[in-house]
Every structure is written in structure tokens, then in C-alpha cells.
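Working notes, beginning with the structure itself.
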Amino acid sequence: MSSRYNSILTEIYNEALPLKQTGTVANYIPELAKIDPDKFGIHLRTLDGDDFFIGDSDEKFSIQSISKVFALALAVSLIGEKVFKRVGVEPSGSSFNSLVQLEYEKGIPRNPLINAGAMVVCDILIDKLKHPKKEILNFVRKLSGNQSVSFNEHVAASEKEFGFRNAALANLVKSFGNIHHTVDEVLDIYFHICSLEMSCRDLATAFLLFANHGKLPNTHEEILTKSQTKRLSAVMQTCGFYDEAGEFSFTVGLPGKSGVGGGIVALHPHKYAVATWSPRLNAKGNSVMGMKALELLTTKLGSSIF
Ligand code: GLN
């Protein structure tokens with residue numbers, strides 16, 4: 001199997017390369033626009049602990065919205081199903097920072113993986129944690145097994161400076177009473193989690209939790225129950241790619257999550273987690289080469305969850 005994974009990753013890498021010039025780097029967060037657009041890496045880690053990787057897979061990048069899954073997992077581990085009283089589980093069919101649904105759905109975000117939903121999750125974390133930033137960081141470090149995972153303060157500051165739309169979202173949710181702390185506190189946590197920097201290796205390692213029924217693969221410590229893990233994977237499957245969640249299900253067929261830093265991470269329950277990174281994005285904010293690489297992966301392996 002291992003030589004098969006190795007040769008498949010090489011094939012995928014080469015077949016995705018012609019898309020190198022397609023798409024644009026996120027530039028609405030100026031600090032993100034500084035990234036080298038030609039970076040491309042893939043890391044696949046199996047539940048048996050085997051690693052397969054190619055390209056810039058060990059370089060850290062801004063994980064952006066992928067962090068919403070970590071925030072959600074931590075919130076669910078703390079208060080369980082109650083999270084879903086304040087945020088829905090339906091795909092939004094809208095962009096990640098859309099304001100319109102929030103108005104007519106009275107400040108209950110469609111799901112926890114769009115910006116407004118993640119802000120409600122951040123509000124819950126502020127409520128439940130004494131030192132939210134530190135404890136979120138420790139949680140992500142534990143899942144990834146990498147103590148050097150950190151926030152990038154420049155990215156967080158850049159997001160804050162240009163975060164007019166995110167401020168509008170937080171204020172709108174707050175006006176409906178679904179944010180309990182101050183808008184500034186919530187945005188501070190939100191911008192910091194988005195600024196987390198991790199490599200494809202770190203992300204693949206961390207997402208093995210969801211492939212392993214909520215238990216850390218190395219220590220078997222239970223972070224989430226089986227049922228919670230199933231629900232989180234379901235939310236990733238239906239909502240992980242904003243208004244392209246259908247497309248990702250259709251072409252890749254795995255639960256996953258993307259971020260505007262160009263990262264995508266996906267998992268095959270009971271088998272593996274895989275992360276890709278290429279900063280050029282399509283119009284929906286998803287990495288062009290990452291989407292292609294994962295489509296090729298499940299096609300060549302002949303297996304998805306369907
Ligand atoms: N920090 C980004 C934002 O709030 C995250 C968006 C994303 O990765 N889709 O706009």
C-alpha cells in the first residue's frame with residue numbers, strides 16, 4: 001500500500017501542476033497577499049501512522065477558516081450538543097462572509113463553518129475558557145502533536161485592520177442577542193484562530209482525530225465521543241466549503257475544510273487524513289490546486305465515503 005500512496009501522490013502533484021497559474025491569492029487580508037503563490041504541498045497520514053508527502057508539505061501557512069473546525073471541536077468537547085442551539089447545521093449556499101441570511105434568520109448563523117457561525121463558537125469559548133487564546137492554542141498543539149504551532153500576530157492585526165465585514169457580521173449577530181461577550185472580544189479570538197499557522201503535516205495529523213472516532217491516534221485519549229465526531233464530520237461534509245460544499249462532495253467525496261490561506265484538509269473515516277496547500281484560490285475562496293489534487297486522490301485510490 002505504501003508504495004501505492006507514494007506513487008499516487010507523485011502523479012497527483014504532477015497532474016495538478018498545469019493549474020499553477022489559475023486563481024488568485026486572497027488579497028482582502030493584505031498580510032495574506034504576501035505569500036508566494038507557487039507553493040504547493042500535500043501530506044497524507046494514515047491511521048496506522050504512515051506518512052506520505054510531497055512538495056512544500058512541511059512549511060507552515062495561515063490556516064484561516066480551517067481553524068473553525070478546531071474551535072467547533074473544542075466547543076463541542078466542552079458543552080456538547082448545546083452548541084447547536086446557537087448555530088445551525090445547514091449548508092449556507094452563500095459565501096463565507098455573507099450578511100444576508102443572518103438578517104432574516106434572526107442572528108442564528110446557518111452553520112459553524114461560516115464566519116458568523118465561528119464567531120458564535122468563539123463567544124462560547126470565551127464563556128467556557130479562562131484563557132481562551134492559550135487554551136485554544138494548547139488544544140491545536142495537542143491535536144497536531146506540534147508544540148510550535150502559533151498565532152501569527154501580523155496576520156491577526158491585518159485582519160482586524162481590514163475586517164469591516166467581519167465586524168458587521170459580529171455586530172449583526174450581537175444585535176439579535178446571539179453573541180454574549182463584546183464584539184471586540186469575540187473578533188479578537190476569531191482573528192487569532194484564523195491566524196494560526198500550521199503545515200500540511202500538522203493539519204493531517206490533527207484531523208486524524210476525526211478519522212479515529214474522536215480519539216487521539218497515539219494516546220487513544222477521547223477528545224470527542226463517537227457521536228460528536230460523526231456530527232462534526234457531517235458538518236464538514238455539508239458546510240466545509242461554503243457555497244462550494246456540493247462541488248467538493250461531488251468531486252472529492254470526503255468531509256473536509258478549506259481556508260483562504262490556500263489550505264484544504266479532508267479525511268477518510270477509519271483510514272487517513274490529508275492536507276493540501278496551494279495559495280491560489282477560485283472565486284469561491286477555495287484552493288484551485290488543492291481541490292484538483294484531492295479529486296485526483298479519491299479517484300486514483302478508487303475510494304471516497306460514498
Ligand atoms: N479570516 C478569514 C475571514 O474572516 C477567513 C475566511 C476563510 O478562510 N474562508 O474572512
Side-chain angles (χ1 to χ4, degrees), residues 5 9 12-13 26 31-32 35-36 39-74 77 113 118 133-156 191-212 214-219 221 223-224 229 232-233 236 240 254-269 271-279 286-287 289-290 293-294 297:
Y5 276 129
L9 280 202
I12 290 170
Y13 187 88
E31 201 61 28
L32 283 189
I35 194 72
D36 174 355
K39 294 287 177 187
F40 183 32
I42 308 173
H43 191 110
L44 185 149
R45 176 170 258 218
T46 68
L47 264 189
D48 302 328
D50 290 322
D51 289 296
F52 306 94
F53 47 90
I54 190 160
D56 303 307
S57 60
D58 228 355
E59 199 171 312
K60 287 199 173 86
F61 58 91
S62 191
I63 70 164
Q64 291 294 316
S65 281
I66 295 171
S67 65
K68 292 171 174 143
V69 177
F70 295 131
L72 177 63
L74 183 53
S77 77
L113 302 183
K133 273 187 222 165
K134 201 170 140 212
E135 288 172 63
I136 293 168
L137 195 54
N138 284 343
F139 181 70
V140 178
R141 285 177 173 171
K142 183 173 182 175
L143 264 47
S144 63
N146 185 349
Q147 292 303 311
S148 77
V149 169
S150 295
F151 301 119
N152 180 324
E153 294 295 341
H154 297 292
V155 172
F191 291 141
H192 272 85
I193 64 167
C194 287
S195 81
L196 277 168
E197 292 190 330
M198 297 172 78
S199 65
C200 291
R201 171 189 286 269
D202 296 332
L203 285 169
T205 307
F207 271 62
L208 269 187
L209 176 77
F210 307 108
N212 193 38
K215 288 187 179 159
L216 292 179
N218 47 356
T219 61
E221 182 190 344
I223 305 288
L224 299 166
T229 312
L232 258 64
S233 296
M236 283 191 251
L254 298 176
K257 184 74 200 87
S258 61
V260 293
I264 297 181
V265 55
L267 63 119
H268 197 308
K271 290 190 178 162
Y272 62 79
V274 57
T276 61
W277 175 44
S278 164
N286 294 317
S287 166
M289 280 165 89
L294 293 171
L297 178 76

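- From Ile63, atom CD1 reaches atom CD1 of Ile264 across 13.5 Å, with rounding to the nearest 0.5 Å.
- Judged by distance alone, with hydrogens and angles left aside, the side-chain atoms of Asn152 form a donor-acceptor pair with the main-chain N or O of Val155 at under 3.5 Å.
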- [ ] Under the side-chain contact (heavy atoms from CB on, under 4.5 Å) rule, what do Met198 and Lys60 come out as? Steps first, then yes or no, please.
- [x] CA-CA 4 Å; Met198 297 172 78; Lys60 287 199 173 86; 5.6 Å; no
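- Between the side chains of Asn286 and Ser258, at least one donor N or O sits under 3.5 Å from an acceptor N or O.
- Here the CG atom belonging to Asn212 is positioned 9.5 Å from the CG atom belonging to Asn218, to the nearest 0.5 angstrom.
- Atom NZ of Lys215 sits in a sparse spot, with 12 or fewer heavy atoms from other residues, nucleotides or ligands closer than 6.0 Å.
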- [ ] Evaluate the criterion ring pair (Phe, Tyr, Trp, His ring centres under 6.0 Å) for residue pair Phe139 and Phe70; output intermediate values, then yes/no.
- [x] CA-CA 8 Å; Phe139 181 70; Phe70 295 131; 7.2 Å; no
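- Taking all atoms of both residues into account, the shortest heavy-atom contact from Ala26 to Val260 is CB-O, 3.6 Å.
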Open item on the list: For Ile223 and Glu221: C-alpha separation, side-chain torsions, deciding distance, then whether side-chain contact (heavy atoms from CB on, under 4.5 Å) applies.
Closed with: CA-CA 6 Å; Ile223 305 288; Glu221 182 190 344; 3.8 Å; yes
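- Atom OG1 of Thr205 and atom CG of Leu216 lie 11.0 Å apart (nearest 0.5 Å).
- By the 4.5 Å heavy-atom criterion applied to side chains, Leu254 and Leu267 are not counted as neighbours.
- Judged purely by atom type and a 3.5 angstrom limit, Gln64 uses its side chain to pair as donor or acceptor with the backbone of Cys194.
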TODO: I would like to know whether Lys257 and Ser65 meet side-chain contact (heavy atoms from CB on, under 4.5 Å); could you show each step before the answer?
DONE: CA-CA 8 Å; Lys257 184 74 200 87; Ser65 281; 3.8 Å; yes
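- The two residues Ala204 and Ala275 make their nearest non-hydrogen contact at N-CB, 4.1 Å.
- Atoms CG and CG, on Leu232 and Leu113 in that order, are 8.0 Å from each other to the nearest 0.5 Å.
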TODO: Mind running ring pair (Phe, Tyr, Trp, His ring centres under 6.0 Å) on Tyr272 and Phe207 for me, showing each step along the way?
DONE: CA-CA 9 Å; Tyr272 62 79; Phe207 271 62; over 10 Å; no
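- Scanning all heavy atoms of the two residues, the minimum distance from Gly263 to Phe61 falls at CA-CE1, 3.6 Å.
- For the pair His43 and Asp51, the tightest heavy-atom approach, listed with the atom from each and the gap, is NE2-OD1, 2.8 Å.
- Taking the ring-ring contact (aromatic ring centres under 6.0 Å, His included) definition, one finds that Phe151 meets it with His192, sequence neighbours left out.
- Looking only at side-chain heavy atoms (C-beta outward), Arg45 and Pro217 stay at 4.5 Å or farther from each other.
- Remark: the Asp202 side chain and the Ser199 side chain contain an N/O donor-acceptor pair separated by less than 3.5 Å.
- When all heavy atoms are compared, the tightest approach of Ser195 to Ala156 is CB-N, 3.8 Å.
- Separating the CD atom in Glu59 from the SG atom in Cys200 is a distance of 9.5 Å, to the nearest 0.5 Å.
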Open item on the list: Quick one, Leu196 with Ser67, criterion side-chain contact (heavy atoms from CB on, under 4.5 Å). Give me CA distance, side-chain angles, the key distance, then yes/no.
Closed with: CA-CA 7 Å; Leu196 277 168; Ser67 65; 4.3 Å; yes
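- Phe53 carries Arg201 over the face of its six-membered ring, with the cationic atom under 6.0 Å from the centre and within 45° of the normal.
- With contacts defined as side-chain heavy-atom distances shorter than 4.5 Å, the pair Trp277/Phe40 does not qualify.
- Side-chain contact between Phe52 and Ile42 is absent, with no heavy atoms from C-beta onward closer than 4.5 Å.
- Closest approach of Leu137 and Val149 over heavy atoms only: CD1-O, 3.5 Å.
- Counted by atom type alone, Asn146 and Ser148 present one or more donor-acceptor pairs between their side chains at under 3.5 Å.
- Here the straight-line distance linking atom CE of Met289 with atom OG1 of Thr276 works out to 9.5 Å at 0.5 Å rounding.
- Using a 4.5 Å cut-off on side-chain heavy atoms (C-beta onward), Leu44 and Leu297 make contact.
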